[in-house]
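Report on the following structure.
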Amino acid sequence: MEIGTAETIEDQPKSLRKRSNPANRANSGGGDNKNRGGGGGNGGDNKAKNNFQEDEEIEYPSNRFRIGMWFLLLVVLMTFGGLMAAYIVIATNGVLEWQPFDLPKQVWFSTVLLLASSFTYHIANTSLIADKQEKSKKWLLATTILGGVFIASQLILWVALVNRGVYMASNPYAGFFYILTAIHAIHVIGGIIAFGYIVLRTWEPTSNEKELNNRQVYSNAIGWYWHFMGGLWIVLMLLLGFWK
């Protein structure tokens, strides 16, 4: 400003007006702070939302698997319940075509294998719950192998029956024996596949608490199925061996 002249703000250059106007500085600063604060709030909401989605992705599949396993067990129970009911009805009718035979020794060997696999699974699952992951992996692998040996023993059992001249169409008792043991073997193969999955999933130890919890849920659900298959086998052998 020159002496003797009055220079108003309107006459100043725009760049000087922007720097010299306190109101502009206050509004600009307040707006920036407000925007930064709002962005922080949205960032917090987004972070919380992402954490919830991550938790849901980790936890939900295992819960769904557990519910699906209960449904599968119900279906298996209904299937074998119907077959065993038909077996009992025909066995008690005393028809001439009903010709039972002595069960081969392989049946009892197969029974021992299933009982042993239930024992090894129990050790594996207990170790997994105790966070002894390496020990759990070894016993889960042992359980899977025992399941495979059981299937091999079933094949030997059927070959032994064929060598004795016992075929599925020989008589109703033989037909029921082949059908019941074959359907059971198919379900055992499903359990072996499930154990193979959990073995691969637990192959590398984890320090993630949620992942470890998921592994425990998967192991428990598969264990229900495996114990059910073992108990069902014993019932079938008692039925076929002593209710003739």
Side-chain angles (χ1 to χ4, degrees), residues 39-80 110-154 183-235:
N42 292 334
D45 293 341
N46 292 334
K47 184 177 181 180
K49 183 177 180 181
N50 291 336
N51 289 339
F52 175 78
Q53 290 176 345
E54 291 175 359
D55 293 344
E56 186 179 28
E57 290 175 358
I58 294 175
E59 295 176 356
Y60 179 72
S62 61
N63 293 331
R64 182 175 57 186
F65 185 83
R66 180 165 49 189
I67 295 172
M69 186 61 69
W70 278 111
F71 179 77
L72 177 61
L73 290 177
L74 180 60
V75 173
V76 173
L77 180 61
M78 294 174 63
T79 301
F80 279 93
S110 298
T111 303
V112 172
L113 286 173
L114 270 186
L115 292 177
S117 67
S118 290
F119 177 72
T120 57
Y121 161 75
H122 176 73
I123 298 176
N125 192 55
T126 303
S127 301
L128 186 60
I129 294 174
D131 201 12
K132 299 177 181 178
Q133 299 183 49
E134 284 295 332
K135 180 180 179 181
S136 175
K137 180 183 69 176
K138 294 177 181 178
W139 286 102
L140 283 171
L141 184 59
T143 304
T144 307
I145 294 173
L146 285 173
V149 177
F150 171 82
I151 295 300
S153 72
Q154 289 296 94
I183 295 178
H184 181 270
I186 292 173
H187 285 83
V188 169
I189 292 174
I192 294 172
I193 294 173
F195 271 124
Y197 166 76
I198 193 64
V199 166
L200 292 176
R201 181 152 188 161
T202 59
W203 196 261
E204 295 294 335
T206 181
S207 58
N208 186 293
E209 183 178 353
K210 295 186 182 300
E211 170 60 19
L212 181 59
N213 178 72
N214 275 338
R215 294 180 181 184
Q216 292 170 353
V217 172
Y218 286 125
S219 178
N220 280 330
I222 296 171
W224 299 336
Y225 181 87
W226 196 253
H227 288 319
F228 184 83
M229 287 295 109
L232 181 59
W233 174 258
I234 294 175
V235 172

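All values derive from a computational prediction rather than experimental measurement.
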Testing the basics here: between [X] and [Y], what is the closest heavy-atom pair and its distance to 0.1 Å?
| X | Y | result |
| --- | --- | --- |
| N125 | S219 | OD1-OG, 2.7 Å |
| W233 | S110 | CZ2-CB, 3.9 Å |
| N208 | K210 | OD1-N, 3.0 Å |
| S117 | W226 | OG-NE1, 2.8 Å |

To the nearest 0.5 Å, what is the distance between [atom1] on [X] and [atom2] on [Y]?
| X | Y | atom1 | atom2 | value |
| --- | --- | --- | --- | --- |
| L73 | M229 | CG | CE | 7.0 Å |
| N214 | T202 | CG | OG1 | 13.0 Å |
| L212 | D131 | CG | CG | 5.0 Å |

Is there a donor-acceptor pair under 3.5 Å between the side chain of [X] and the backbone N or O of [Y]?
| X | Y | answer |
| --- | --- | --- |
| Q133 | T206 | yes |
| R215 | L128 | no |
| S136 | A124 | yes |

We want to know whether E211 and N213 form a side-chain donor-acceptor pair, criterion being a heavy-atom distance below 3.5 angstrom.
no

Heavy-atom side-chain contact between [X] and [Y] under 4.5 Å:
| X | Y | result |
| --- | --- | --- |
| K137 | L141 | no |
| Q154 | V188 | no |
| K135 | I123 | yes |
| S153 | L113 | yes |
| L72 | M69 | yes |
| I234 | L115 | yes |
| W139 | H122 | no |
| N220 | R66 | no |

In terms of relative ring orientation, are Y197 and Y218 parallel, tilted or perpendicular, with 30° and 60° separating the classes?
perpendicular

Report the relative orientation of the aromatic rings in H184 and F150; use parallel for angles under 30°, tilted for 30 to 60°, perpendicular for over 60°.
perpendicular

Around atom CZ of F119, are there more than 12 heavy atoms of other residues, nucleotides or ligands at under 6.0 Å?
no

Counting only heavy atoms from other residues, nucleotides and ligands, does the tally under 6.0 Å from CH2 of W203 exceed 12?
no

Quick one: are the ring centres of Y121 and H227 less than 6.0 Å apart?
yes

